[in-house]
Q: 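I'd like to ask some things about the structure below.
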Amino acid sequence: MRKTLLSLAIVAAALPAAHADEWFVEAHYPDHDALVRGASLFQHVIVDTERQVLRVDTDDEGIRQLEDAGLSVSIDAADTARLRGFYATMQQAVESRAPQLTDDGYPGIPGYPCYRTVEGTYQTMDDLAAVHGDLVEVHSIGPSWQKTQNSATGYEMRALRVTNLATAATDPDRPKMVVFGSIHAREYTPAELLTRMAEWLVSAYGNDPEATWLVDHVDFRFVLQANPDGRKKAETGLSWRKNADTANGNCARNANSSGIDLNRNFPFHWHTTGESGSSSDTCDEDYRGPTAASEPETRNLVAYVAGSPGTDGVYSGGLLPDRRPDNVSIASPDDYAGLFFDIHSYSKLVLWPWGDTTNAAPNRTPLQTFGRRLAWFNGYTPEQSDSLYPTDGATDDNFYGTLGVPAYTIELGVQFFESCSTFTSTTYPKNFAALRYAARAAAAPYRLPGGPDAYGITATAVASGAGGMYTTVSATIDDQRYKANTQTSFPIRAANAYVDRLPWEPGATPIGLSAVDGTFDAKAETVRGDITLNGLAPGRHIIYVQGINTLGGGNGTPGTPNAVFVDVPDAPQMVTATPLVVGDGAIDPSSPQSVAAGTILSFTVTPGTGQHVESIGGCPGTYVAPVFAAGPLLSSCTLTATFAPDQFAIGGTIAGLAADGLALSLNGESPLSVPAGATSFAFTGTLPYGAPYDVAIETQPPGFACTIVNGSGIIDAEVTDIAVACGPDASDVIFRDDFES
Ligand SMILES: [Zn+2]
């Protein structure tokens, strides 16, 4: 204790005077019980489990409480200086009364110009609705506490709806993604994160494929400023968390500690954990209010999201369907469509129910799977809400508990008053990515995160081939995107593309994609495939890609899809290439081919047996046997291939020819004179493949008799085996012998 006070004194001397009671501290906890005792003193802490320290900004009173809880506290001088620097900056900005504007010109928080004020947020909503009336509505959902007291003060609470309104009426099952921001007033980052996401959805619609399909198929409801009265106080630099209700929540000791913690005031399981998950002290940061849903803000939010319960306890009339009994042991159906998020700061956590008990929620496995997917994007710690300390009457338990909707709390970053550079470079992009992933899963959040994610989807410019117009789609299918070493990921078993329809839309037709490495066997696969586009209207179309892993066996588990645009050109001029065969042979394809002008078409030219290509032409192109590449085809044409039989020479050998006068005939014609002494002969000219040939002695040489072997046959190659054998004429010898005797 003495050591701590000494270090406090030394550090204090080096720090700005503003908020001289505010410290950023590290508290070492000896064991888990001490961590729980320490963490439950604050509603937001950063836990480093490796070093066994808890980090939090607090005051002298908080330091004393931590030490009483058995933790040893030391000051982080650098972060304390930063914290006080922020306060000083803000104080200066407030005092200067200079208008603070965001980069887009909206009113910003003094000293933190990247964060829109309540007014700046409301003005953004109005502008979005004015410019994009086809995609945006602003809903009034009821007055804040101050407005209920005096209608000239406080705020009408608002929700921003972003979806394709033209098609919404005919798409009643469109899943709703409901997100609250900054229900704790001093948490600057949540409202701005969600406002920027809404702006992206609207401005990127039609230009970015992901924004476009999400706006077309998800009904976003952002309550950007869920606690506007309290937020207005926090915008002056007060570390204000609760609402502004000084009737139910008057703190006599310190007016700046008045109000009700709205995130402990929700009706489901309100005040179920005694004093550990919420407080009965009006001055405490987590004062739960005198009764469940005592606050108008709470009632407005419940009515908007859930509606009201009937006599059977089933809620109706709100955004999200009530699909489970309020019995904590009964699971919500796993085809639940829709999502609830409540975005807070700080602690870098992704939390799911339950918060008021360490017991597992009945949908624990899919809640955890989805939470670990989300945490891959923002790098935060995914865990059940009650892992560190209990909370009761909180939003996520309320909507999961009453409706069965998958419900999450995300704790952004490491500070309430996060610097604009940290927010812009880190907190915003990481959590924007996490929320986009969530939206991609909104149609079935208990199912789709079990399958792999699809990303990096590209499509080549539309080309024309023998089968017509097509594009080549590539993507990565990855099941390993989990922030948890203990989560099992699975090999990819398939991937499909879908043209203009989400995989689960009626009429969606899967087009199988191939693994680029040849085999689906890894937990991440690059996939590719040609998608034919014949019959599509000219203009912009969207191609979805969805991967499937082996989880669950059988057909596996399909994951979250994503998409790419493909622009189909105006109907091209069509030309026809008509193949024509003359003679014995074939052209493949053999039927007329109609293609876009400019296309190059390949025809394979195959002569029949013993035939050859005599000529080919009639269409522009080049012939390199066996392929004629016809094109570019600028007008219709006939590709004529003329085939002709192969031609062969006829000849053979001669033996014993000692005199002139031998003449041979071929098929009774073309006498060929063979001189004495010849040992071979060949007819001039050739005969075609398949023709009969018959070689005979037309004239014997005087005094000789010649005979022929192999003299006839059918030509199927060069004929070289005709053998002519000559010798003295035997009959002449006999005659002479007779004559002489
Ligand atoms: Zn909070």
Side-chain angles (χ1 to χ4, degrees), residues 39-47 54-58 62 109 112 115 118 121 178-195 222-235 238-245 249 256-257 259-266 270 276-279 284-289 295 297-298 301 340-353 355-356 374 378 380-381 383-399 407-418 423 427 431 434-435:
S40 62
L41 291 169
F42 306 92
Q43 299 310 318
H44 302 273
V45 297
I46 304 155
V47 178
L54 162 169
R55 294 167 51 76
V56 67
D57 65 311
T58 184
I109 294 176
Y112 297 84
Y115 302 114
V118 177
T121 310
V178 181
V179 195
F180 293 175
S182 299
I183 197 170
H184 285 149
R186 65 193 170 194
E187 299 167 10
Y188 285 180
T189 50
E192 186 63 28
L193 163 67
L194 300 179
T195 305
F222 298 104
V223 182
L224 300 171
Q225 299 283 3
N227 176 10
D229 287 354
R231 172 60 177 260
K232 209 61 216 163
K233 293 179 177 294
E235 288 174 7
L238 286 175
S239 188
W240 193 283
R241 167 183 167 97
K242 300 184 282 182
N243 75 351
D245 183 351
N256 281 346
S257 291
I260 283 82
D261 182 352
L262 296 175
N263 202 32
R264 299 293 183 276
N265 190 239
F266 278 71
W270 179 81
S276 59
S278 60
S279 172
D284 276 355
E285 295 282 33
D286 58 347
Y287 172 53
R288 69 180 78 92
E295 301 311 294
E297 291 90 348
T298 308
L301 292 167
F340 174 79
F341 277 84
D342 191 8
I343 312 298
H344 288 249
S345 70
Y346 58 86
S347 291
K348 298 176 83 168
L349 295 171
V350 175
L351 304 172
W352 55 85
D356 69 336
L374 293 168
N378 59 19
Y380 296 172
T381 301
E383 61 189 18
Q384 183 176 333
S385 180
D386 193 29
S387 297
L388 207 48
Y389 54 86
T391 56
D392 54 35
T395 55
D396 46 6
D397 275 13
N398 184 79
F399 292 116
Y408 291 85
T409 293
I410 296 181
E411 296 277 3
L412 306 178
V414 295
Q415 285 163 333
F416 297 131
F417 308 132
E418 185 170 278
F423 175 74
T427 300
N431 288 283
L435 289 174

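Numbers for residues simply follow the sequence, beginning at 1. All values below come from the heavy atoms of this structure, side chains included, with hydrogens, waters and symmetry mates left out. First listed ligand is number 1; within each ligand, the first listed atom is number 1.
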Q: Are any N, O or S atoms from Glu411 nearer to the Zn ion (ligand 1) than 2.8 Å?
A: no
Q: In His344, which N, O or S atom comes closest to the Zn ion (ligand 1)?
A: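 His344's closest N, O or S atom to the Zn ion (ligand 1) is named ND1.
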Q: Identify, by name, the N, O or S atom of Glu187 lying closest to the Zn ion (ligand 1).
A: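 Answer by atom name: OE2.
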Q: Between the side chains of Ser278 and Arg264, is a donor N or O closer than 3.5 angstrom to an acceptor N or O?
A: no
Q: Does either side chain, that of Tyr287 or that of Asp245, offer a donor lying less than 3.5 Å from an acceptor on the other one?
A: no
Q: With a sphere of 6.0 Å drawn around NZ of Lys232, does it hold more than 12 non-hydrogen atoms of other residues, nucleotides or ligands?
A: yes
Q: Could you pull out the atom name of the N/O/S atom in His184 that is nearest the Zn ion (ligand 1)?
A: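 His184's closest N, O or S atom to the Zn ion (ligand 1) is named ND1.
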Q: Please confirm whether Tyr188 and Phe416 have ring centers closer than 6.0 angstrom.
A: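 Ring-ring flag for Tyr188/Phe416: false, centres at least 6.0 Å apart.
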